[in-house]
Amino acid sequence: RRASEAVVAFFGWTVALIAGVLPAWPVGVITSRPEEEVGGEEARRIIFELEAERRKQVRADEERKAEIAKKEAAQDAERQEARRRAEEQREAERREQEQREEEEGAQAAREEAARAEEARLAEIAAQEERRKAEARKREEAELAELAELAKKRKEEQRYLDWCIWNYDANPERRFLEVSGGMVSFPSDEKANFCNVVTAEGLEDGAVFFEFVMHQIGDEQWCGLTTDPSQAGGRVSGRNLMRSWTYYCGRRLGHKDSKLTENLPALQVGKRPRRNFARVVSGD
C-alpha cells in the first residue's frame with residue numbers, strides 16, 4: 001500500500017512538476033511518521049536536481065541548436081556569398097568575353113580595312129604602272145615616227161632647193177621683188193632696209209650657200225639666223241640676234257665707209273669678229 005501511495009504521489013508530483021506548480025505545493029499528508037510522508041524533503045531535493053539537470057540539458061540542447069543554426073546560417077551566408085562571387089565571376093568573364101570579341105571584331109575590321117586599302121593602293125600603283133608603260137610605248141612610237149620623219153626629211157633635203165625665199169610670210173614683202181632664187185629691194189624711198197629669210201630652215205648636216213651680189217646699193221648682210229621672226233623691217237642688220245652673217249661694208253663712195261664699224265667683217269649677232277675684203281656688185 002505504501003508503494004502504491006508512493007507511486008500515486010510521485011505521479012502527482014511529476015504531473016505537478018511538468019505543470020511547473022510543485023514549488024507552491026505544501027507538504028503532503030502529515031502523519032505521525034515523517035518517513036511515511038509523501039513528497040518529503042529528500043524527494044523534493046531529488047526532483048529539483050532532476051529538474052535542474054533537465055533544464056540544464058534543455059539549455060544545452062537549445063544552445064547546441066542555436067550553435068547549429070548559427071553555423072548553418074554562416075554556411076548559408078558563405079554559400080550565398082560563394083554564389084554571389086561565382087555570379088560576379090561569370091558576369092566578369094561574360095563582359096571580358098564580350099569585350100574580347102568586340103576587340104577581335106574591331107581588329108578584324110581594321111585588318112580588313114588595311115587589306116582593302118593595300119589592295120586599292122596596289123591597284124592604283126598597277127594602273128599608274130600601266131599608264132606609264134602605255135605612255136612609254138606611245139612615246140617610243142612617237143619617237144620612232146619622228147625619227148622616220150626626220151630620216152625622210154633628211155632624204156628630201158638632199159634634193160631641196162634652199163634658194164626659195166619666204167616672200168609670202170614676210171611682213172614687208174611690199175618692198176621686195178622675188179623671181180625664182182633672186183630677191184631684190186628695188187627702192188629705199190619708203191623703207192631703208194628689209195630682211196629676207198628662206199622658206200625652209202636647216203635642221204642638220206652641212207650645206208654650202210653661194211650668194212651672188214647682182215647689185216649692192218649700200219649695206220648688205222648675208223648669212224644664217226635661228227630666229228626667222230627677224231624677217232621684215234623691224235630689226236636692222238647691225239642688230240640681228242642669234243645670227244652669223246657676212247657684212248659687206250659701206251660703199252666706198254659713202255663718206256663714212258672708212259669707219260671701223262662700216263668695214264666689211266664676219267658678224268656674230270651684233271658684234272663684228274673678223275674683217276675681210278669688201279664685197280661689191282657682181283661678186
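Nothing here was measured: the structure is a model prediction, and the numbers come from that model.
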My understanding is that only residues two or more places apart in sequence, or in another chain, count here; which of them pass ring-ring contact (aromatic ring centres under 6.0 Å, His included) with Trp221?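 ring-ring contact (aromatic ring centres under 6.0 Å, His included) check on Trp221 returns Tyr247.
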Output all residues satisfying ring-ring contact (aromatic ring centres under 6.0 Å, His included) with Phe211, sequence neighbours left out; order by chain, then residue number.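 Residues passing ring-ring contact (aromatic ring centres under 6.0 Å, His included) with Phe211: none at all.
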Could you tell me whether [X] and [Y] have a side-chain N and a carboxylate O separated by less than 4.0 Å?
X: Glu102; Y: Arg100; value: no
X: Glu51; Y: Arg55; value: yes
X: Glu63; Y: Arg59; value: no
X: Lys65; Y: Glu62; value: no

With a 4.5 Å cut-off on side-chain heavy-atom distances among I, L, V, M, F, W and Y, is there a chain of contacts connecting Tyr167 to Val196?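 Yes, one cluster joins them.
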Applying the 4.5 Å side-chain criterion to the ILVMFWY set and letting contacts propagate, would Val279 and Val183 be lumped into a single cluster?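 Hydrophobic grouping puts Val279 with Val183.
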Taking salt bridge (Lys or Arg N to Asp or Glu O under 4.0 Å) as the test, write out the residues that go with [X], two or more places apart.
X: Arg120; answer: Glu117
X: Arg251; answer: none
X: Glu118; answer: none
X: Asp188; answer: none

Filter on side chain to side chain donor-acceptor pair (under 3.5 Å), then keep only pairs touching residues 271-283, sequence neighbours left out; what's left?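 Qualifying pairs, neighbours excluded: none.
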Any side-chain donor-acceptor pair under 3.5 Å between Glu111 and Gln107?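 Per modelled atom types, Glu111 and Gln107 side chains form a pair under 3.5 Å.
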Looking just at side-chain N and O atoms, do Glu123 and Gln127 make a donor-acceptor pair shorter than 3.5 Å?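 Their side chains do contain a donor-acceptor pair, which is all the 3.5 Å distance test asks for.
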Ring pair (Phe, Tyr, Trp, His ring centres under 6.0 Å) contacts in which one or both residues fall within residues 256-283, not counting sequence neighbours: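 Residue pairs with at least one partner in residues 256-283: Tyr246-Phe276.
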Do Trp244 and Thr226 make a side-chain contact, defined as non-hydrogen atoms from C-beta onward lying under 4.5 Å apart?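 When only atoms from C-beta onward are counted, Thr226 and Trp244 do touch, with a gap below 4.5 Å.
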Any side-chain to backbone donor/acceptor pair from Gln230 onto Met241? Under 3.5 Å, distance only.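 Yes: the side chain of Gln230 pairs with the backbone of Met241.
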Using atom types as modelled and distance alone, determine if a side-chain donor or acceptor of Ser187 lies under 3.5 Å from a backbone N or O of Glu189.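 The answer is yes, because a donor-acceptor pair under 3.5 Å joins these two groups.
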All pairs passing salt bridge (charged side-chain N to carboxylate O under 4.0 Å, His left out) where [range] contributes a residue, at least two apart:
range: residues 79-90; value: Asp76-Arg79, Glu81-Arg84, Glu81-Arg85, Arg84-Glu88, Glu87-Arg90
range: residues 206-215; value: none
range: residues 235-249; value: Glu219-Arg238

Met213 atom CE, over 12 foreign heavy atoms within 6.0 Å: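 Yes, the 6.0 Å shell around CE holds more than 12 heavy atoms from other groups.
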Assess whether atom CD of Gln80 is packed by more than 12 heavy atoms of other residues, nucleotides or ligands within 6.0 Å.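 It does: Gln80 CD has more than 12 such atoms within range.
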Looking at Val197 and Thr225, what are the two nearest heavy atoms and their distance?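 Val197 and Thr225 have their closest heavy atoms at CG1-CG2, 4.4 Å.
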Using a 3.5 Å cut-off and no angle test, enumerate the donor-acceptor pairs between side-chain atoms of residues 136-150 and protein atoms at least two apart in sequence or in another chain.
none

